[in-house]
Amino acid sequence: MAGTLKNVTDADFDAEVLSSDKPVLVDFWAAWCGPCRQIAPSLEAIAAEYGDQIEIVKLNIDENPATAAKYGVMSIPTLNVYQGGEVAKTIVGAKPKAAILRDLSDFVEIKTP
C-alpha cells in the first residue's frame, strides 16, 4: 500500500497537524533524499498498524520550505511528533521500523506479536 500517507503543505500544516486531536508524526523529506525513501515503507506500515493512535503525514521540504524553517529542520529525514500544537518529540535520521516504534512508545501502545 505504498503512497498512502497524506501530504501536508505550508498552507494546511496548522489545520492538519497543529489542530489534530491525536498525535501527528510529520515526516520532513525530499524526493532526492535516499534515507527518506528508505524509511517510507516503515512509516507506511506504522500508519497502517497504529493509525487509530497516531496520524502520519509527509511534508516535502523543497515544496514547503516555510514550515521546515519554522521548526528548524536542518537534516532529513526528520520526524517530528506534534501533540497539542507543540513538538513533543524529534527523531532525526533513518532508523528501522522497530527503532521508530520504540521512539513513538510515548504516543502509541505498541502491539506485541
Side-chain angles (χ1 to χ4, degrees):
M1 249 181 56
T4 56
L5 297 181
K6 186 189 324 185
N7 286 291
V8 295
T9 65
D10 288 344
D12 65 10
F13 189 84
D14 287 8
E16 295 288 340
V17 176
L18 302 182
S19 300
S20 177
D21 293 337
K22 61 183 172 182
V24 180
L25 182 150
V26 178
D27 173 19
F28 290 89
W29 73 287
W32 48 262
C33 167
C36 298
R37 290 195 304 275
Q38 192 181 342
I39 66 167
S42 296
L43 295 178
E44 300 271 352
I46 293 168
E49 279 179 70
Y50 298 95
D52 57 330
Q53 300 177 58
I54 190 167
E55 184 159 354
I56 300 179
V57 298
K58 299 171 78 68
L59 185 131
N60 184 318
I61 63 161
D62 288 337
E63 296 169 5
N64 302 282
T67 302
K70 177 180 177 182
Y71 290 101
V73 174
M74 294 299 194
S75 61
I76 54 173
T78 290
L79 308 175
N80 276 356
V81 180
Y82 294 83
Q83 194 165 31
E86 301 289 326
V87 177
K89 181 151 197 134
T90 298
I91 305 161
V92 178
K95 295 183 173 189
K97 178 184 168 194
I100 295 171
L101 274 174
R102 273 196 302 277
D103 286 337
L104 296 177
S105 63
D106 291 344
F107 309 99
V108 298
E109 196 173 306
I110 306 301
K111 301 167 184 160
T112 48

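Numbers for residues simply follow the sequence, beginning at 1.
- Follow the hydrophobic side-chain contacts under 4.5 Å out from Phe107 and you reach Leu5 in the same cluster.
- The CD1 atom of Ile61 sits 4.0 Å away from the CD1 atom of Ile76 when rounded to the nearest 0.5 Å.
- Inter-residue side-chain proximity for Asp10 and Pro65 is flagged as met; some heavy-atom pair is nearer than 4.5 Å.
- Hydrophobic clustering (ILVMFWY, side-chain heavy atoms < 4.5 Å, transitive): Leu79 and Val57 are in distinct clusters.
- For Ser75 against Val92, the heavy-atom pair with the smallest separation is OG-CG1, 3.3 Å.
- Under the 4.5 Å side-chain heavy-atom criterion for Ile, Leu, Val, Met, Phe, Trp and Tyr, Ile56 and Ile110 are members of the same hydrophobic cluster.
- Heavy atoms of other residues, nucleotides or ligands lying less than 6.0 angstrom from CG of Asp21 number 12 at most.
- The salt bridge (Lys or Arg N to Asp or Glu O under 4.0 Å) search around Asp103 returns Lys95, not counting sequence neighbours.
- Between Lys70 atom NZ and Asn64 atom CG the span is 13.0 Å, to the nearest 0.5 Å.
- Under the 4.5 Å side-chain heavy-atom criterion for ILVMFWY residues, no single connected hydrophobic cluster contains both Val24 and Tyr50.
- Between Leu59 and Val73 there is no side-chain heavy-atom pair separated by less than 4.5 Å.
- When hydrophobic clusters are built by joining Ile, Leu, Val, Met, Phe, Trp and Tyr residues whose side-chain heavy atoms come closer than 4.5 Å, directly or via intermediates, Leu43 is not grouped with Val26.
- Counting all heavy atoms, side chain and backbone alike, Pro77 lies closest to Pro35 at CD-CB, 3.7 Å.
- Of the inter-residue distances, the one linking Asp27 atom CG with Ile39 atom CD1 reads 4.5 Å to the nearest 0.5 angstrom.
- Between atom CD1 of residue Ile54 and atom CD1 of residue Ile46 there is a gap of 8.5 Å, rounded to the nearest 0.5 Å.
- By the side chain to side chain donor-acceptor pair (under 3.5 Å) test, Thr9 is found to be paired with Asp12, residues two or more places apart in sequence or in another chain being considered.
- Counting all heavy atoms, side chain and backbone alike, Arg37 lies closest to Ala31 at NH1-O, 2.7 Å.
- The aromatic rings of Tyr71 and Phe28 sit tilted relative to each other, their planes meeting at an angle between 30° and 60°.
- Counting all heavy atoms, side chain and backbone alike, Asn60 lies closest to Asp62 at OD1-N, 2.9 Å.
- Not counting sequence neighbours, Ser19 has no partner by the side chain to side chain donor-acceptor pair (under 3.5 Å) test.
- Taken from CG in Leu104 to CD in Gln53, the straight-line distance is 10.0 Å, to the nearest 0.5 Å.
- Atom NZ in Lys22 sits 6.5 Å away from atom CG in Asp52 (nearest 0.5 Å).
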